[in-house]
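We name chains A, B, ... by the order of the sequence lines, and we start the count at 1 in each one.
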Amino acid sequence: MIPFSILAWSAWSPRIAERDTWRAWACDPELPTGSGTPDVRFVPAMQRRRLSRLARMSMQAALDTCEPAQLQESGLVFASRHGELNSSIAMLREIAADAPLSPTAFSHSVHNAPAGQISIQVGHRAPASSVSAQCATFTAGLIDALALSHRRRGAPVLLVAADEPLPDEFQVFADEPQVAHAIALLVSLDAGLGGAKLRLASAPGEPESPRGLPEALSFLAWWLGSGEAWTSSDAASRWRLSREA
Amino acid sequence: MIPAAQGTRLEALGLACALGSELDVVFERLVAPLCDALTIRTDLVSGQDLLVGEVREPLPVIPESYKTLRCRNNALAALALQRIAEPVRRAIELYGPARVGVVVGTTTSGVAEAGDAIDELVRVGALPADFHYAQLEYGGLSTFLAGISGAKGPTYAVSTACSSSARALISARSLLELGLCDAVIAGGVDSLARLTTRGFSALEAVSTVRSQPFSRNRRGLNLGEAATLFLMTRRPGGIRLVGTGESTDAHHMSAPSPGGEGAERAMRDALEDAAASPRDLLYLNLHGTGTLLNDASEGVAVHRVFGATTPCSSTKPRVGHTLGGAGALEAGFCWLVLANEQDGFLRLPLHEFDGEFDLALPALHLVAAGQRARVVGRRLVASNSLGFGGNNCTLVLERTGP
């Protein structure tokens with residue numbers, strides 16, 4: 001069992017971006033579908049046009065949670081099931097047509113591209129990780145963020161979990177609700193930093209929390225609501241989060 | 001306040017790369033004066049004969065029950081897992097499945113098969129029946145390894161470009177120290193694919209001849225593929241991961257910062273974490289891709305930390321750049337160096353190049369053929385991994401005991 005704190009949070013979806021709206025959403029959480037993209041006006045126009053939608057979503061959630069000065073000093077964990085899959089498919093289509101690839105498109109298609117772009121945008125030089133774990137990617141990101149906070153002697157780590165719906169070509173493989181979303185949590189193992197206290201524990205055999213949402217949004221609905229405990233999505237490796245009394 | 005780290009044991013090692021999958025054979029080929037394990041592939045970039053580090057032995061057949069995860073990347077992973085099957089089985093029996101994690105780095109996952117699938121989609125309008133997205137997604141690798149090993153602890157893939165599997169070992173160590181796991185299957189796997197080969201070609205980073213890191217005649221990198229898995233535990237003794245350093249450049253997506261500040265911080269932090277000074281290190285495995293950008297940045301960083309004293313080499317001319325698999329593979333090479341100590345000496349992997357050191361770079365002590373390091377004091381070696389997104393990691397390994 002690992003006690004930890006959430007020091008700050010924010011979330012973005014095409015339909016909801018404000019914390020108060022998310023709190024209202026959590027009373028009756030529906031899939032917040034839509035097709036918008038965050039404007040990330042804090043990014044200069046020159047850099048902004050190079051940012052993918054996933055990078056914009058991630059950056060918006062990150063900077064709605066932390067001031068740049070705080071983010072610079074925090075560990076960063078980016079969690080995304082699909083990463084820049086749209087870009088990878090576009091490149092595979094180029095290859096199928098035997099067309100040359102764009103070097104920029106290639107270097108911006110790596111899974112950790114949004115983390116790298118956040119790092120460049122705010123001058124973040126602390127450690128940054130980037131993880132993926134199918135339908136339990138949010139939980140993997142949380143575990144990796146706590147691992148990084150441990151390495152940094154309890155210092156805060158910003159977890160950014162973001163995904164877009166599967167591209168049309170792969171919709172047939174969808175095994176969870178599809179919606180663009182990004183959530184950011186500033187977490188720490190150091191109880192002295194304040195924040196809301198939670199506990200993470202292994203929970204083999206426990207049933208999954210009722211879904212209808214991708215894992216990160218399912219967590220958010222629980223976190224903003226009043227339920228006692230929440231369980232992760234991977235049936236083989238189940239984790240439970242609970243609030244400290 | 002959380003107490004400082006004590007390090008974790010790298011209990012067992014399984015790997016497959018262009019040099020083979022038998023550890024003794026791999027090590028002898030690593031330290032041999034001559035070794036020609038790279039092969040020509042003509043199908044990765046049309047119209048080009050490319051020298052690559054390919055795994056050429058037969059790979060295990062992925063069982064029917066995992067058919068949605070059938071891809072070369074996972075077959076490579078299965079081969080590496082076979083080599084540590086017995087210690088993994090014992091760990092699961094001893095600690096229980098929920099206490100054994102799987103943390104593995106990959107950048108390609110099954111993008112080779114996905115490329116074939118998209119070809120067919122473009123050609124005939126439908127994906128092939130045997131393709132499944134799980135082959136392509138990063139987390140498919142960790143799910144596959146957890147499934148076939150029986151591990152049910154934290155299961156995830158790390159993907160930070162060319163530092164992915166070094167970072168997987170770093171995360172695994174933290175999971176053990178945090179008490180979330182009693183054992184972790186940790187490492188990384190990447191396989192040759194048209195996407196990565198053409199991507200690096202588009203960046204003008206791929207050489208058609210063997211790479212020559214730190215030579216003034218360098219022409220770029222060779223791509224490779226590899227699977228490397230360690231069983232990591234908190235048990236005392238053995239060969240251990242005693243120091244890790246990690247940093248971010250905040251400079252550019254595909255180019256390292258020219259001053260090498262990020263790589264330098266990763267090396268210094270890893271040494272500090274290992275409670276070691278630069279002169280304690282007997283060998284450094286360089287990232288050493290063979291591109292000008294890497295040589296310039298890593299060269300100045302290594303020189304600032306180690307001067308021209310510490311023996312160092314890049315093993316990529318022997319196995320290719322195995323991208324997300326490279327960090328764990330090169331940690332595996334460091335493990336082999338420590339495991340093969342002979343009469344108080346470590347035999348070091350040759351820095352294979354044409355001998356024409358690029359004099360525009362600060363001096364480095366590159367390992368010559370047959371060179372050994374005398375063991376005095378601690379047996380410490382290290383490996384650098386530097387990835388896109390300015391993601392830098394250094395791992396320090398130590399062999400404990402008499």
Does any part of the side chain of A:Trp239, heavy atoms only, come nearer than 4.5 Å to the side chain of B:Pro154, both counted from C-beta?
yes
Residue selection (most heavy-atom pairs with chain B, distance under 4.5 Å) from A:Ala97, A:Ser130, A:Pro114, A:Ala96:
A:Ser130
Answer key: most heavy-atom pairs under 4.5 Å with chain B among A:Pro100, A:Ser129, A:Ala133 is A:Ser129
Given side chains that start at C-beta, do those of A:Leu148 and B:Glu246 come closer than 4.5 Å, heavy atoms only?
yes
Once you round to the nearest 0.5 Å, how far does OG of B:Ser164 lie from CG of A:Asn112?
7.0 Å
Distance, nearest 0.5 Å, that separates NE2 of A:His124 from OG of B:Ser247:
10.5 Å
Rounded to the nearest 0.5 Å, how far apart are CZ of B:Phe131 and CD of A:Glu169?
10.0 Å
Any idea which of A:Phe78, A:Phe170, A:Phe106 has the most non-hydrogen atom pairs under 4.5 angstrom with chain B?
A:Phe106
Distance from B:Asp119 atom CG to A:Ile95 atom CD1, nearest 0.5 Å?
8.5 Å
With the side chain counted from C-beta on, respond yes when B:Leu195 and A:Met91 share a heavy-atom pair under 4.5 Å apart, and no when they do not.
yes
Please determine whether the number of non-hydrogen atoms from other residues, nucleotides or ligands lying under 6.0 Å from atom CD of B:Glu272 exceeds 12.
no
Counting C-beta onward and ignoring hydrogens, is there a side-chain heavy-atom pair between B:Tyr156 and A:Asp234 closer than 4.5 Å?
no
Answer key: most heavy-atom pairs under 4.5 Å with chain A among B:Gly389, B:Ser254, B:Ala157 is B:Ala157
Tell me whether A:Arg93 contacts the main-chain N or O of B:Val122 through its side chain, where contact means a donor paired with an acceptor under 3.5 Å.
no
Measure distances from B:Asp249 to the heavy atoms of chain A and classify the residue's part below 4.5 Å as side chain, backbone, both or neither.
backbone
Could you look at B:Leu178 and say if it's the side chain, the backbone, both or neither that has a heavy atom under 4.5 Å from chain A?
both
Considering non-hydrogen atoms only, spot the tightest contact between B:Asn391 and A:Ala128 and give its length.
ND2-O, 2.8 Å
Check each atom of A:Ile118 against the heavy atoms of chain B and say whether the ones under 4.5 Å are side chain, backbone, both or neither.
neither
Non-hydrogen atoms of chain A under 4.5 Å away: do they reach the side chain of B:Arg167, the backbone, both or neither?
side chain
Heavy-atom proximity to chain B below 4.5 Å, by part of A:Ser109
backbone
Which atoms form the tightest heavy-atom contact between B:Met253 and A:Ile120, and what is the distance?
N-CD1, 3.7 Å
Engaged part of B:Ala161 at the chain A interface, taking heavy atoms whose separation is under 4.5 Å
both
Heavy-atom distance under 4.5 Å between the side chains of A:His111 and B:Thr160, does that happen here?
no
Which residue out of A:Gly116, A:Ser202, A:Ser107 racks up the most heavy-atom pairs below 4.5 Å with chain B?
A:Ser107
Hey, which of A:Ile2, A:Asp144, A:Thr137 has the most heavy atom pairs under 4.5 Å with chain B?
A:Asp144
I need the minimum non-hydrogen distance between B:Ser46 and A:Asp98, along with the two atoms involved.
OG-OD1, 2.9 Å
In Å, rounded to the nearest 0.5 Å, how long is the span from OG of B:Ser174 to CZ of A:Arg151?
4.0 Å
For each of A:Ala113, A:Pro204, A:Gly123, tally heavy-atom pairs with chain B at distances under 4.5 Å, and name the one with the top tally.
A:Ala113
Going by the angle between their ring planes, with limits at 30° and 60°, are A:Phe173 and B:His132 parallel, tilted or perpendicular?
tilted
Between A:Ala126 and chain B, which part of the residue has a heavy atom less than 4.5 Å away: side chain, backbone, both or neither?
backbone
Has A:Ser119 got a side-chain atom pairing as donor or acceptor with B:Thr248's backbone, closer than 3.5 angstrom?
no
Any carboxylate oxygen within less than 4.0 angstrom of a Lys/Arg side-chain nitrogen, looking at B:Glu261 and A:Arg125?
no
What part of B:Arg265 lies closer than 4.5 angstrom to a heavy atom of chain A: side chain, backbone, both or neither?
side chain
By a 4.5 Å heavy-atom criterion (distance strictly below it), what part of B:Thr107 contacts chain A: side chain, backbone, both, or neither?
neither
Aromatic ring proximity A:His82/B:Tyr133, centre distance under 6.0 Å:
yes
Below 4.5 Å from any heavy atom of chain A, which atoms of B:Leu127 appear? Answer side chain, backbone, both or neither.
side chain
Using heavy-atom distances under 4.5 Å, tell me whether A:Gln117 contacts chain B through its side chain, its backbone, both, or neither.
both
Quick one: what part of B:Ala205 sits under 4.5 Å from any heavy atom of chain A, side chain, backbone, both or neither?
neither
For the OG atom of A:Ser88 and the CD atom of B:Glu137, what is their distance to the nearest 0.5 Å?
12.5 Å
Applying a strict 4.5 Å limit to non-hydrogen atoms, the region of B:Leu136 in contact with chain A is side chain
Note: vs chain A, highest number of non-hydrogen pairs under 4.5 angstrom among B:Leu180, B:Leu175, B:Thr155 is B:Leu180
Are more than 12 heavy atoms, taken from residues, nucleotides or ligands other than B:Lys67, located less than 6.0 Å from that residue's NZ atom?
no
